[in-house]
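All remarks here apply to the structure that follows.
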There are 2 protein chains.
Amino acid sequence: MSEASTKDLILDAAEQQFADKGFAGTSLRAIMKNADVNMASIHYHFGSKEALIEAVVRRIAEPINRERLALLDDLEASHPEGELPLRGVIVAFLTPVKRLYAHPRGRTFFPRLMGRMTMEAGEELSPVMASIFGETGARFMAALGRAVPHLDSEEVFWRLHFAIGAMAFAIAAPGIHHHNVHSITEPPDPGTSFDRLVNFVTAGMEAPAPTVTRKANK
Amino acid sequence: MSEASTKDLILDAAEQQFADKGFAGTSLRAIMKNADVNMASIHYHFGSKEALIEAVVRRIAEPINRERLALLDDLEASHPEGELPLRGVIVAFLTPVKRLYAHPRGRTFFPRLMGRMTMEAGEELSPVMASIFGETGARFMAALGRAVPHLDSEEVFWRLHFAIGAMAFAIAAPGIHHHNVHSITEPPDPGTSFDRLVNFVTAGMEAPAPTVTRKANK
DNA sequence: GTCTATAAGGAGATAGAC
DNA sequence: GTCTATCTCCTTATAGAC
């Protein structure tokens, strides 16, 4: 059940390379070399580079979304009526991502891949991403609608995307920890970073609605 | 002065392709074909693909940073002492990006490239990005320090990065306008989108500081 | 399932005529 | 400055032995 099969070796190596060099920037040869498997075995197990990308992305995203939805289920179960606590919704969305930092497969490339998926997933990967994140997105849109009921759905939509962007960039931006803009010496602590992000996003979600120059609440 | 030189044709085509396919995903041949110039002319004018990437990135980023710093200069000149208005600092940072939407070179690939630069700029491009954004980053870090003086510099650093992530993702995420999570029918209006972003970021910056479990204000 | 070998084409880069 | 032609290497993918 927990043997390191060739398939898993390939997935692990691909994940690392994709996180580091991007999807287009990674060659199957680099993956092969890194996983110490044969070139042809990648095609045997996955069929094509594109299919391998999808497999890697799904392996990461699906557990995250499952946990997100489970946490949201719990929250909704304890608040069957009326407003949902905003911070609770945000914590449900972000907690599974926080866990990535402590993931056995590594603490740097793993989160970075999340960011790449989010930002680099144009073109052909787009329908895949939609099928992976569609349900979760819709569920959290609805939950946020209950948490900040004074906002119309378009406003909620954008704020959710701002939140995702803040998360993905803070997690994925290369070299962000070396910037040293102002002599920052301490290593990033997952717990504190997570609290920072939750605070920022919660406050952003609670911001006053902009004066819309068009029709109001849809 | 405003002739469409070969160099400019290459830069325009490269910019579009990079925004669409990413840096690694774009071949010089695609750029050549799109710009209707000769393969060799790219090397004649720029020397290498890497140098072309840097030229494209600089052409976009430098005017933005110049305008950011000019707006910040104005703001600081009118507030020589004491606190800076937070919203003013944020507007100075984001306004030049807003302008991209109305840029003659296009309203989709141009902003998307900003996002790619921000997210995909690992590895060898990193020092280039640092040289481009270093001064601007430091200036805005300092300005934010005056705008939210109760926060320590590490907190400010992270919040600035959350803001950049929110901006880059909202601007660059592919297919974000088609998501249709909740029957969003209206086309995105630059003015309103900008206000949404400014409101979100300002509120996030004003969030209460997290309870730090380590040493306080550095 | 895993290997070797190789196909078939795309990549960045350059030499040298004009 | 621009072109054609070409070099060399790397890419994905597959055929076929084991």
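Within every chain, numbering begins at 1; the chains are lettered A, B, ... in the order of the sequence lines, protein sequences first and strands thereafter. Quick caveat: nothing in here was measured; it's all calculated off a predicted structure.
- In this structure, Ser27(A) does not reach the dC10(D) phosphate: none of its side-chain N or O atoms is under 4.0 Å from OP1 or OP2.
- Between Asn38(B) and dT4(D) there is a side-chain N or O to OP1 or OP2 distance below 4.0 Å.
- Expressed to the nearest 0.5 Å, how far CZ of Phe140(A) lies from CD1 of Ile90(A) amounts to 10.0 Å.
- As a whole-Å value, the separation of Tyr44(B) OH from dG16(C) P is 17 Å.
- If you take NE2 of His45(B) and P of dT14(C), they are 16 Å apart, rounded to a whole angstrom.
- Dashed line: the shortest gap from a side-chain N or O of Thr6(B) to OP1 or OP2 of dT2(D) is under 4.0 Å.
- Rounded to whole Å, the distance from CG on Leu28(B) to P on dT11(D) is 15 Å.
- Here the C1' atom of nucleotide dG1(D) and the CZ atom of Phe46(B) are 14 Å apart, to the nearest Å.
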Item to check | side-chain contact (heavy atoms from CB on, under 4.5 Å) between Val97(B) and Phe194(B), intermediate numbers included | outcome: CA-CA 9 Å; Val97(B) 176; Phe194(B) 179 72; over 6 Å; no
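- With hydrogens and angles disregarded, no donor-acceptor distance shorter than 3.5 Å links the side chain of Arg68(A) to the backbone of Ala92(A).
- Between Phe18(B) and Phe23(B), the ring planes lie tilted relative to each other; the angle falls in the 30° to 60° range.
- As rounded to whole Å, 15 Å separates atom P of dA15(D) from atom CE of Met39(A).
- Spacing between atom CD1 of Ile42(A) and atom C1' of dT14(D) amounts to 14 Å, rounded to whole angstrom units.
- Residue His43(A) places no side-chain N or O under 4.0 Å from the OP1 or OP2 atom of dT14(D).
- Rounding to whole angstrom units, NZ of residue Lys7(B) and P of dT2(D) are separated by 11 Å.
- What separates CZ of Arg29(B) from C1' of dC7(D) is a distance of 12 Å, to the nearest Å.
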